Number of protein chains: 2
Amino acid sequence: MGAYYQFCPVAKAMELLDERWTMLVLRELLMDSRRFNDLRRGLPRMSPALLSKRLHQLTAAGLVRLEDGQYALTDAGRELGPILEAIGVWGARWVGALGDPDLDPKLLLWDMHRRVDHGAVPPGRSVVHFDFTDVTGGAGRWWLVIAGQDVDVCDYDPGFDVTVTVHGTLRRMVEIWRGDVSWQQGLRDGALRIVGPESVRRALPGWFALASYATAPRPA
Amino acid sequence: MGAYYQFCPVAKAMELLDERWTMLVLRELLMDSRRFNDLRRGLPRMSPALLSKRLHQLTAAGLVRLEDGQYALTDAGRELGPILEAIGVWGARWVGALGDPDLDPKLLLWDMHRRVDHGAVPPGRSVVHFDFTDVTGGAGRWWLVIAGQDVDVCDYDPGFDVTVTVHGTLRRMVEIWRGDVSWQQGLRDGALRIVGPESVRRALPGWFALASYATAPRPA
DNA sequence: CGGTATCCACTACGATACTG
DNA sequence: CAGTATCGTAGTGGATACCG
C-alpha cells in the first residue's frame with residue numbers, strides 16, 4: 001500500500017481509497033450487497049482473490065465489518081456514501097464516452113434487478129424480457145423475474161409467460177439507465193422498443209428507480 | 001491505465017481519479033498552485049516525471065488546462081472541489097493515526113504559507129520562526145516571512161528580526177493545523193509554546209486560516 | 001524555471017485452479 | 001457458497017540524471 005507521507009487528511013484518505021477497485025467495492029456495499037458472491041456479481045472483472053484482499057483491507061481500516069458471513073459498512077464506511085454519490089454525479093456529467101466493452105448486459109441487469117420499485121410493479125409475477133440486438137455471443141437475451149419482493153436475473157428463458165419485452169440496443173438501454181437520455185427520448189428513434197400490452201408499456205419505466213446520478217443535470 | 005469495463009459513472013470517474021497521486025495533484029491545483037515547481041513543493045515525494053505525466057493525463061481528460069505556462073482547472077476539474085473537501089473531512093474524521101514520516105515540516109510550512117490571513121497580520125514585515133524540537137537532521141528550524149501580500153518560506157535564517165517564535169514538537173503543530181486539537185488545547189501542556197510579545201502571542205493563531213477539514217467535528 | 005530521459009525494481013494485479 | 005493458493009507478467013512508479 002503506497003503511502004504518501006503527508007499529514008493532509010486528503011492524502012491519508014486516498015492512501016486507502018485510491019487503490020484499484022476499492023471505491024467500487026464500497027459502491028457495491030452501499031448498494032446493500034452483503035455476501036461475497038453478490039459483491040462478485042457487481043464486480044465481474046475483479047478476481048476473487050483481489051476482492052477478498054480489499055475486503056480485508058477495508059475491514060482492517062474500519063470501514064467494513066464482517067458479521068455472520070455478511071459484510072456491512074461501519075459508520076466510517078457509510079459516511080462515504082454522499083462522496084460516492086457526488087463522484088457518480090461528477091462522472092455522469094464529465095466522463096462522457098462509453099466504450100463498447102463498458103456495455104455489459106450482465107452488469108446492467110444486475111443493477112436493474114436491485115432497483116426495482118416493488119410499489120410500482122403489479123402484484124403476482126411479472127417477467128421482463130430483454131433482447132439486445134447488438135450483443136454478440138449469445139449474451140443478448142435476459143429475463144427479470146419479479147415476484148413479490150424477489151427479483152431474479154436469468155440469462156436463460158425461465159419458462160414463465162413474458163409480461164413485457166424490451167427490444168433494441170444495449171447501448172441505448174444503458175444510456176437510459178445512466179440518465180444520459182430519458183426513457184421518452186431513448187424510445188423515440190426506434191433504437192429501443194418496449195413490446196407488450198399498452199398499459200404495461202406505459203408503466204414499465206416506472207418499475208425501476210434510476211440511480212441518484214441519473215437525474216443530475218448534464219453540462220450545457 | 002486500468003479500465004474497469006463498467007458503464008457506471010463511479011467506475012468511469014475512478015478510472016481516471018484512482019491512480020496514485022492524481023487526487024493530490026488536483027488538491028494542489030484547487031489550492032491555487034499553478035506552476036510546475038509550486039506543485040512540486042506540495043508533492044515533494046512525487047517524481048517530476050510522474051507529475052508531468054499526471055498533468056498530461058488530466059489535461060487529456062479535460063480537467064486541467066495549460067495556458068502560458070500556468071496550469072489551471074477547467075470547469076470539470078473545479079467541480080471536484082467539493083468532493084476533495086468532503087474527502088478531507090472524511091479523512092480527518094476517520095483516518096486517525098499519523099506516522100512519523102507523515103510529519104513533514106517542509107510541507108507544513110508550505111501549507112501554512114498559503115493560508116496566511118493578510119487581514120490579520122500587522123502591516124509591514126512579520127517574521128514567524130518555527131523551532132521544532134523533535135525533527136532530526138537540521139530541518140527543525142523554519143522561518144515564515146510575511147511582507148505585504150508576499151509570504152516566503154525559509155529553511156535558513158533570513159536575517160530579519162523575529163516577530164514571534166513557535167517552539168515545540170512538530171507533531172503538535174500538525175495536530176493543531178489539521179484541527180485535531182484547537183490552538184488553545186494544543187498549547188496547554190507545554191508540548192508547544194508561542195514565544196514573543198503578549199499581544200502577538202495572542203494574535204498569532206488568527207494569522208492563519210485553518211483548512212476546511214480542520215473545523216469538521218470529530219466522531220465521538 | 002520547467003520539464004524529459006532513462007532505467008530498474010518491484011509488486012500489484014489478472015488468470016486460473018483449487019479447497020473447506 | 002465463500003473464499004485461498006499459485007504463478008507469471010505487465011507496467012507503474014521511484015530515483016536520478018540531464019536538457020532547453
Side-chain angles (χ1 to χ4, degrees), chain A residues 1-6 11 14-26 28-29 32-61 64-72 101-102 104 106-107 110 150 152-153, chain B residues 1-6 11 14-26 28-29 32-61 64-72 101-102 104 106-107 110 150 152-153:
Chain A
M1 267 182 290
Y4 287 119
Y5 303 113
Q6 298 200 358
M14 293 317 292
E15 284 181 6
L16 177 66
L17 301 177
D18 72 2
E19 283 193 301
R20 189 161 162 74
W21 290 109
T22 296
M23 288 294 246
L24 302 195
V25 172
L26 291 168
E28 290 303 304
L29 290 165
D32 287 325
S33 280
R34 340 221 99 209
R35 318 193 67 94
F36 192 84
N37 284 333
D38 284 345
L39 292 167
R40 289 201 65 188
R41 293 190 75 173
L43 304 161
R45 316 216 16 157
M46 186 181 193
S47 82
L50 190 51
L51 173 56
S52 175
K53 179 179 176 183
R54 287 289 181 272
L55 287 168
H56 280 119
Q57 291 177 301
L58 290 171
T59 303
V64 169
R65 186 180 26 200
L66 177 58
E67 217 160 85
D68 340 304
Q70 311 253 111
Y71 293 96
D102 296 334
D104 183 339
K106 163 173 77 285
L107 222 32
W110 176 249
D150 290 335
D152 284 329
V153 179
Chain B
M1 267 181 289
Y4 287 120
Y5 303 112
Q6 299 200 357
M14 293 317 292
E15 284 182 5
L16 177 66
L17 301 177
D18 73 0
E19 284 194 302
R20 190 161 161 73
W21 290 108
T22 297
M23 288 293 246
L24 302 196
V25 173
L26 291 167
E28 291 302 304
L29 290 165
D32 287 326
S33 280
R34 339 222 100 210
R35 317 193 69 93
F36 193 84
N37 284 332
D38 283 346
L39 293 167
R40 289 201 65 187
R41 294 190 74 173
L43 304 161
R45 317 218 13 158
M46 186 181 194
S47 82
L50 190 52
L51 174 56
S52 175
K53 179 179 176 183
R54 287 288 181 271
L55 287 167
H56 280 120
Q57 290 176 304
L58 290 171
T59 302
V64 169
R65 185 180 27 200
L66 176 58
E67 217 161 86
D68 340 303
Q70 312 253 112
Y71 293 95
D102 295 334
D104 183 339
K106 162 173 76 287
L107 222 33
W110 176 250
D150 290 334
D152 284 328
V153 179

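Convention: sequence-line order gives letters A, B, ...; per-chain numbering from 1. Bear in mind the structure is a predicted one, so any value in this text is a computation, not a measurement.
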Q: Can you name the nearest heavy-atom pair linking B:Tyr4 to A:Trp21, along with the distance?
A: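 Looking at all heavy atoms of both residues, the closest pair is OH-N, 2.9 Å.
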Q: Toward the 5' end of DNA chain D, which comes first, A:Ser47 or A:Gly69, by nearest nucleotide?
A: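 This one resolves to A:Gly69.
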Q: Between B:Gly42 and A:Gln6, what is the shortest heavy-atom contact and its length?
A: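 Distance-wise, the nearest heavy atoms are O-NE2, 3.2 Å.
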Q: Between B:Ser52 and C:dT4, is there a contact of a side-chain N or O with OP1 or OP2 at under 4.0 Å?
A: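 Yes, B:Ser52 has a side-chain N/O under 4.0 Å of OP1/OP2 on C:dT4.
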Q: Within the pair A:Lys53 and D:dT4, is there a side-chain N or O less than 4.0 Å away from OP1 or OP2?
A: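 Indeed not, no polar side-chain atom of A:Lys53 lies that close.
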Q: Distances for protein N/O vs nucleotides 17-20 of chain D N/O pairs under 3.5 angstrom?
A:
none

Q: Excluding sequence neighbours, so at least two apart, what forms salt bridge (charged side-chain N to carboxylate O under 4.0 Å, His left out) with A:Asp38?
A: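 Expected list: none.
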Q: Below the 4.0 Å mark, does D:dG3 have OP1 or OP2 next to a side-chain nitrogen or oxygen of A:Tyr71?
A: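 For D:dG3, OP1 or OP2 has a side-chain N or O of A:Tyr71 closer than 4.0 Å.
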Q: The side chain of A:His56 lies closest to which of these nucleotides: C:dA15, D:dT12, D:dT4?
A: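 Of the options given, the side chain of A:His56 lies nearest D:dT4.
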Q: Mind checking side chain to side chain donor-acceptor pair (under 3.5 Å) for B:Lys53 and listing every partner two or more places apart, or none if nothing turns up?
A: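 Counting only residues at least two positions away or on another chain, B:Lys53 forms no side chain to side chain donor-acceptor pair (under 3.5 Å).
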Q: With a 4.0 Å limit, can you tell me whether B:Trp21 has a side-chain N or O closer than that to the phosphate oxygens OP1/OP2 of D:dT12?
A: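 No, no such contact exists.
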Q: To the nearest 10°, let me know how far the axis at one end of the helix from C:dC1-D:dG20 to C:dG20-D:dC1 is tilted from the axis at the other, five pairs an end.
A: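 Roughly 50°, once rounded to the nearest ten degrees.
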Q: Nearest heavy-atom pair of A:Arg54 and A:Glu19: which atoms, and what distance?
A: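 That would be NH2-CB, 3.7 Å.
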Q: Check the phosphate of D:dG13 against B:Arg54, side-chain N and O only, distance under 4.0 Å to OP1 or OP2. Yes or no?
A: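 Yes, B:Arg54 has a side-chain N/O under 4.0 Å of OP1/OP2 on D:dG13.
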Q: Using side chain to side chain donor-acceptor pair (under 3.5 Å) as the criterion, list what pairs up with B:Arg35, not counting sequence neighbours.
A: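 Side chain to side chain donor-acceptor pair (under 3.5 Å) check on B:Arg35 returns B:Gln70.
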Q: Contacts to DNA chain C from residues 34-45 of chain B, heavy-atom cutoff under 4.0 Å, which residues?
A: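 B:Arg35, B:Phe36, B:Asn37 - these, ordered by number, are the residues of the stretch whose heavy atoms sit under 4.0 Å from the strand.
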